[in-house]
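Let me begin by presenting the structure, written as structure tokens, before commenting on it.
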2 protein chains.
Amino acid sequence: MSSSTHATLGVRQAQKLKTRQALLDAALRLLEEQSLSSLGLREVTRVVGVAPAAFYRHFRDMAELGVALVEESLGSLHVMIRAVLAEQQEAEEVIDRSVEAVADHVRRHPAHVRFIARERHGGVRAVREAIAAELARFGEEVAAALAAQEVSQGWSAEDVRMLAGLYVDHLVMTASAFLEASPEEGQAIADTARRQLRLISLGRRHWRAA
Amino acid sequence: MSSSTHATLGVRQAQKLKTRQALLDAALRLLEEQSLSSLGLREVTRVVGVAPAAFYRHFRDMAELGVALVEESLGSLHVMIRAVLAEQQEAEEVIDRSVEAVADHVRRHPAHVRFIARERHGGVRAVREAIAAELARFGEEVAAALAAQEVSQGWSAEDVRMLAGLYVDHLVMTASAFLEASPEEGQAIADTARRQLRLISLGRRHWRAA
DNA sequence: GGATTCAGTAAACAACTGTTTGCCACGGGG
DNA sequence: CCCCGTGGCAAACAGTTGTTTACTGAATCC
């Protein structure tokens with residue numbers, strides 16, 4: 001019933017990690033209906049059922065908790081991206097798989113996605129910067145994958161990066177579009193996203209060839 | 001020294017509009033460093049130099065003020081968009097003009113742009129919906145302009161809308177990229193944006209032709 | 001097994017919040 | 001000219017906030 005951390009970490013640290021995670025979970029839940037800069041420390045501790053002062057044993061302030069949430073949120077996305085990039089397939093196939101993967105990810109971790117979309121341009125600098133840094137790493141990773149494909153022969157590194165940026169931006173836009181949409185609207189969004197990606201990949205194939 | 005509203009509106013209403021605008025201005029300024037859901041009513045009135053209770057003479061709550069800010073912010077953008085769409089020119093030319101127009105707009109109304117980027121996915125539902133509605137109208141407008149071009153012959157209405165959506169999203173992304181960037185970084189961002197638009201317009205020309 | 005570390009506690013702090021009340025002063029319509 | 005409508009004010013309201021303090025009790029170390 002208990003997690004694997006118990007065996008290797010000792011009761012003491014395990015308990016600490018547990019309430020730390022509880023704080024993160026509570027915050028993420030509360031952030032579905034407000035933004036980080038208005039989320040109160042007491043609000044979070046109240047949900048967890050712990051004294052306000054206990055918060056300081058884990059985070060200096062809410063901004064620090066926010067940064068921790070960024071890592072947690074984008075970590076799962078990172079896994080998904082790698083999985084999609086790993087497959088070497090037909091362009092059309094890759095597009096379908098990508099859009100489906102994004103839809104699935106949003107369905108599974110809606111709070112994480114909402115948090116990222118909301119705080120990407122939000123009011124807390126440290127969190128904004130953490131998200132920007134992580135998304136930049138995504139871009140590099142996508143760029144590397146793109147460069148390895150035959151279609152990219154003759155492309156400058158900079159051009160590959162701009163294409164990767166376009167893909168990452170499109171991914172984030174699509175994800176947050178899924179977020180605030182009913183299931184049947186989701187179908188239409190997936191459709192639009194697929195066509196947009198198809199158009200981009202079309203432009204890609206004709207780049208510097210026209 | 002006074003505005004033109006005096007002549008047509010009477011001292012009474014003119015004064016009211018003046019403090020209403022002062023409230024909006026103060027809020028917009030404060031929102032450069034936080035998000036709407038954490039902006040306090042007293043905070044705004046304090047900056048304006050007016051009693052807290054005076055706020056209620058103009059807005060029911062901060063959400064209502066936020067919606068007013070949306071109209072103000074996207075109004076100016078609307079003007080810019082129309083101007084760019086109006087010119088019928090070579091594709092390459094249109095791209096350059098667009099990117100420059102966006103850069104210029106961000107330079108001139110940074111607070112407005114920041115507000116939209118921040119609250120587009122922010123914590124206040126009414127404001128989110130107002131922004132979404134306004135951006136949808138942008139999309140329609142862009143779609144209409146695109147449909148009128150020769151390149152779009154044979155395109156389904158839905159395909160035109162998805163392309164328009166891609167442009168609008170790209171515009172917002174580019175604008176907020178300009179926002180949190182130094183002048184020399186701005187140069188690079190403009191360059192990337194141009195290449196991305198070029199790639200999209202390339203895909204557009206080959207749509208359903210391959 | 002005794003000493004020590006430390007996650008979590010309870011209580012108090014001043015500062016702040018949104019909202020309501022009754023009031024005033026003054027511009028504008030009759 | 002006077003009276004009504006109303007934008008703005010001062011004061012008080014009950015709640016809430018972040019942060020500090022001194023503390024307790026149990027897991028850990030030697």
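Lettering of chains follows the sequences in order, A, B, ..., and the numbering in each one begins at 1. Computation of the quantities below employed the complete heavy-atom set of this structure, encompassing side-chain atoms and omitting hydrogens, waters and symmetry-equivalent molecules.
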Exercise for review: Step through the shown structure and confirm whether more than 12 heavy atoms of other residues, nucleotides or ligands are within 6.0 Å of CD on E33(B).
Suggested key: no
Review point. Is the number of heavy atoms from other residues, nucleotides or ligands under 6.0 Å of E100(B) CD greater than 12?
Key: no
Review point. Is any side-chain heavy atom of V48(B) closer than 4.5 Å to a side-chain heavy atom of F55(B)?
Key: no
Review point. Would one find a side-chain N or O of T19(A) under 4.0 angstrom from OP1 or OP2 of dA7(C)?
Key: no
Rounded to whole angstroms, how far apart are [atom1] on [X] and [atom2] on [N]?
| X | N | atom1 | atom2 | result |
| --- | --- | --- | --- | --- |
| L17(A) | dA27(D) | CG | C1' | 15 Å |
| R20(A) | dG8(C) | CZ | C1' | 17 Å |
| K18(B) | dG27(C) | NZ | P | 13 Å |
| Q15(B) | dG28(C) | CD | C1' | 15 Å |
| R12(A) | dA26(D) | CZ | C1' | 7 Å |
| K16(B) | dG5(D) | NZ | P | 15 Å |

Check your understanding: Is there a residue in residues 38-47 of chain A whose heavy atoms reach under 4.0 Å of DNA chain D, and which residues are they?
Key -> G40(A), L41(A), R42(A), R46(A)
Check your understanding: Near DNA chain D, under 4.0 Å by heavy atom, which residues of residues 50-71 of chain A?
Key -> A53(A), Y56(A)
Exercise for review: Using atom types as modelled and distance alone, determine if a side-chain donor or acceptor of S76(B) lies under 3.5 Å from a backbone N or O of S73(B).
Suggested key: yes
Exercise for review: Look only at the side chain of E185(A) and the backbone of S182(A), and say whether a donor-acceptor pair between them is shorter than 3.5 Å.
Suggested key: yes
Review point. What distance separates L23(B) CG from Q21(B) CD, expressed to the nearest 0.5 Å?
Key: 9.5 Å
Side chains of [X] and [Y], donor plus acceptor under 3.5 Å:
| X | Y | answer |
| --- | --- | --- |
| S152(B) | Q149(B) | no |
| Q187(A) | D191(A) | no |
| R118(B) | S176(B) | no |

Practice item. Could you tell me whether E92(B) and R198(B) make a salt bridge, using a distance below 4.0 angstrom between a side-chain N and a carboxylate O? Key: yes
Exercise for review: Look at R137(B) together with E134(B) and state whether they make a salt bridge at an N to O cut-off of under 4.0 Å.
Suggested key: yes
Revision key, fill the gap. Stems in DNA chain C, runs of 3 or more consecutive Watson-Crick or G-U wobble pairs with both distances under 3.5 Å, sorted by first number, are C:1-12 with D:19-30, C:14-17 with D:14-17, C:19-30 with D:1-12
